[in-house]
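Below you'll find the structure, written out as structure tokens, and then a few comments.
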Amino acid sequence: NFVTSRLAGFHKLSMEERRAQIAQMFRLSPEEMDLLSGHGSLQTTLANQMIENAVGTFSLPLGLGLNMMVNGREYLVPMAVEEPSVVAAVSFAAKIVREAGGFTAEADDSMMIGQVQLTRYGDPTEATQKILAHKEHLLALANSFHPSMIRRGGGAKDVEVRVLPAPEGPRGEPLLIVHLLVDTQEAMGANLINTMAEGVTPLLEQITGGKVYLRILSNLADRRLARATCRIPTSALADFDLPGELIAEGISQASRFAQADPYRAATHNKGVMNGIDAVAIATGQDWRAIEAGAHAFACRDGQYRPLSTWHLEEGHLVGRIELPMALGLVGGPIKVHPGVQVALKLMQAHTVREMSMVFAAVGLAQNFAAVRALGSVGIQKGHMAMHARCVAVTAGARGDWVEKIANELVKVGHVKVEKAREIIAALPP
Ligand code: NDP
């Protein structure tokens, strides 16, 4: 069955028509269709097993990001998000990039870091030497807690020791942090790393005579990065009655601004994460972990920087993104939440590595759409048109009236709830 992410006119279809098209393309069963539309996608009995004090479930709109092409492959991108314009922006950006050859992406092995904090160890150099001398023993012990990870080609691979200055000054004991590097394969890996980190504690205490306190993974997953790039001829960027060169210049200025200024970089990265979080939520990922990793990575040289950059190169606009991507295709809620299974079926990324590359490309596409508008005509025009629908609903409009009232709000240039109420009040009964 041919799957394409290029679904021309998809946004103009009714929701029923969109579902029918997707059902046909992916040969979805009636049960899967029910899950896609949100009916029973998470039963309350299951919700009650997932978290504590459950009283129900919570829904978000699920949309499909279109036109995405990464390393020559088509991807439909399931996105769960409440913010208008996110899905449209990613689809629009992916279309421009696709016409320029698509995104090129790569991702590291699933190497995660488990941290163990050792105290009262004596001399830091001696303690470090003792730990490293027992590296093989520590790795074997860590792997004994998850023998199947070795069979999968993963498991604990290396031990590193970091000695950090005491926060209270030179009189305090330097911090001695042991890093256990674990290849978590198709899992995000938090639970399995935590088990290993706790598991090696008695041996570390025995080797050094010290006392261990914290044992947990690091969300700064900087050994597990995903990268995406795109290269767009500047002539392909012409829009808003502006030449492509001017739009490209605006985008590269946006990149310079974010590189130099953390106040701007925070908003730049918020835009990147608009896309990544939406696909993370739809596919059952721990998006707090992805967020924490992304922002910590953005600070790696001491200043908060943009996760993506844009520059001009021989008549082309070149975009790059690099960020930690701790994803899973097993573990956590992934096999438990039936709606997640359908979302993953639509995305058709068969490995965590492949999925990480799509996530990185989504982040870059989302950022492209934002800086393209910001560096030229501004985002409010496009945003307000979509925001107007939300305002119309807030004012009480329903059904076909939502679109009509929203259009009227945009036409009068006053996208406010009281204006919408005024328009509704003036309607014939
Ligand atoms: P799980 O422990 O639920 O699942 C991972 C397990 O799946 C592995 O240990 C392995 O068990 C099994 N598995 C089966 N097939 C594979 C495969 N191909 N590759 C790898 N493992 C496989 O989840 P994670 O360890 O991934 O932890 C993720 C969860 O931890 C998330 O829900 C997250 O929210 C949560 N969490 C996050 C924290 C953080 O980010 N700071 C902290 C604590 C928890 P086996 O080897 O036994 O077969």
Side-chain angles (χ1 to χ4, degrees), residues 42 46-54 57-58 80 107-117 139-157 177-201 212-226 273 276-299 323-341 343-344 347-356 359:
L42 184 60
L46 205 49
N48 201 25
Q49 287 153 6
M50 287 172 80
I51 65 158
E52 314 71 41
N53 298 350
T57 60
F58 181 86
D108 296 337
D109 288 342
S110 304
M111 198 64 82
M112 298 287 286
I113 300 167
Q115 298 196 291
V116 183
Q117 178 192 19
L139 291 176
L141 180 59
N143 284 321
S144 71
F145 295 98
H146 270 283
S148 39
M149 288 309 292
I150 298 281
R151 284 196 293 278
R152 296 183 184 109
K157 300 282 184 187
I177 311 297
V178 181
H179 276 191
L180 199 56
L181 300 184
V182 184
D183 181 341
T184 63
Q185 297 276 301
E186 297 302 302
M188 183 270 191
N191 286 321
L192 80 94
I193 292 169
N194 295 347
T195 305
M196 287 185 179
E198 289 188 8
V200 297
T201 291
V212 163
Y213 280 91
L214 272 69
R215 297 141 290 167
I216 188 160
L217 90 156
S218 170
N219 285 115
L220 175 50
D222 62 359
R223 311 288 174 100
R224 193 178 184 179
L225 301 177
M273 302 314 287
I276 292 179
D277 282 346
V279 55
I281 294 170
T283 57
Q285 306 302 316
D286 183 337
W287 75 94
R288 288 87 55 209
I290 301 171
E291 282 276 348
H295 299 297
F297 185 70
C299 280
L323 75 168
M325 205 50 84
L327 307 183
L329 274 173
V330 296
I334 292 153
K335 300 273 186 217
V336 177
H337 192 305
V340 164
Q341 286 306 305
L344 287 171
M347 188 151 105
Q348 301 220 326
H350 302 292
T351 62
V352 149
R353 189 192 298 275
E354 188 181 353
M355 184 155 73
S356 302
F359 272 54

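Whatever order the structure lists them in is the order used to number ligands and atoms, beginning at 1.
- Of the possible polar contacts, one joining the Asn194 side chain to the Leu217 backbone as a donor-acceptor pair under 3.5 Å is found.
- If you number the atoms of ligand 1 from 1 as listed, the ones under 4.0 Å from a heavy atom of Leu192 come out as 8 (C), 9 (O), 25 (O).
- For atom 12 (C) of ligand 1, the candidate residues are Glu186, Arg152, Met149; the nearest heavy-atom contact is made by Arg152.
- A side-chain donor-acceptor contact under 3.5 Å links Arg215 to the backbone of Tyr213.
- Of all the listed residues (Ala326, Gly332, Ser110), Gly332 holds the heavy atom that lies closest to atom 32 (O) of ligand 1.
- Atom 20 (C) of ligand 1 has as its closest protein heavy atom Thr184 O, 3.3 Å.
- Between Ala54 and Ile51, the shortest heavy-atom contact is CB-CG1, 4.2 Å.
- Looking only at protein heavy atoms, the nearest one to atom 7 (O) of ligand 1 is Val330 CG2, 4.0 Å.
- The side chain to side chain contact (heavy atoms under 4.5 Å, CB included) test with His146 singles out one residue from Leu192, Asn191, Ile193, and that residue is Leu192.
- Side-chain atoms of Glu186 come within 3.5 Å of backbone N or O of Val352 as a donor-acceptor pair.
- Every atom of ligand 1 with a heavy atom of Asp286 under 4.0 Å away is listed here by number and element: 33 (C), 34 (O), 37 (C), 40 (O).
- Regarding atom 5 (C) of ligand 1, its nearest protein heavy-atom neighbour is Ala187 CB, 3.9 Å.
- Among all non-hydrogen protein atoms, the one lying nearest atom 40 (O) of ligand 1 is Asn219 ND2, 2.9 Å.
- Ligand 1 has no nitrogen or oxygen under 3.5 angstrom from a nitrogen or oxygen of Asn194.
- Close contacts of ligand 1 with Gln185, meaning ligand atoms under 4.0 Å from a residue heavy atom, involve 19 (N), 20 (C).
- Nearest non-hydrogen protein atom to atom 37 (C) of ligand 1 is Ala190 CB, 3.3 Å.
- Of the listed residues (Gly331, Ala292, Gly189), the one carrying the non-hydrogen atom nearest atom 24 (P) of ligand 1 is Gly189.
- Of all heavy-atom pairs between Thr57 and Leu42, the closest is CG2-O, 3.4 Å.
- Counting only heavy atoms from C-beta outward, the side chains of Ile334 and Gln341 approach each other to under 4.5 Å.
- Here is the list of ligand 1 atoms found below 4.0 Å of a heavy atom in Ser148: 45 (P), 46 (O), 47 (O), 48 (O).
- For atom 29 (C) of ligand 1, the closest non-hydrogen atom on the protein side is Asn191 ND2, 3.6 Å.
- Here the shortest heavy-atom pairing between Lys157 and Leu139 reads O-CD1, 3.6 Å.
- Near Met188, meaning under 4.0 Å from any of its heavy atoms, are these atoms of ligand 1: 26 (O), 28 (C), 40 (O).
- Here the options are Val340, Val279, Ile290, Ile276, the test is side chain to side chain contact (heavy atoms under 4.5 Å, CB included), and the partner is Gln285; only Ile290 passes.
- Shown here for Ala326 and Ala221, the closest heavy-atom pair between the two residues is CB-CB, 4.4 Å.
- Scanning the protein for heavy atoms near atom 39 (C) of ligand 1, the closest one is Leu217 CD2, 3.5 Å.
- With a 4.0 Å heavy-atom cut-off, ligand 1 is reached by the side chain of Ala289 but not by its N, CA, C or O.
- Remark: among candidates His146, Met112, Arg151, Lys335, the nearest residue to atom 11 (O) of ligand 1 is His146, based on non-hydrogen atoms.
- Remark: the backbone N or O of Leu327 is paired with a side-chain donor or acceptor of Arg224 at under 3.5 angstrom.
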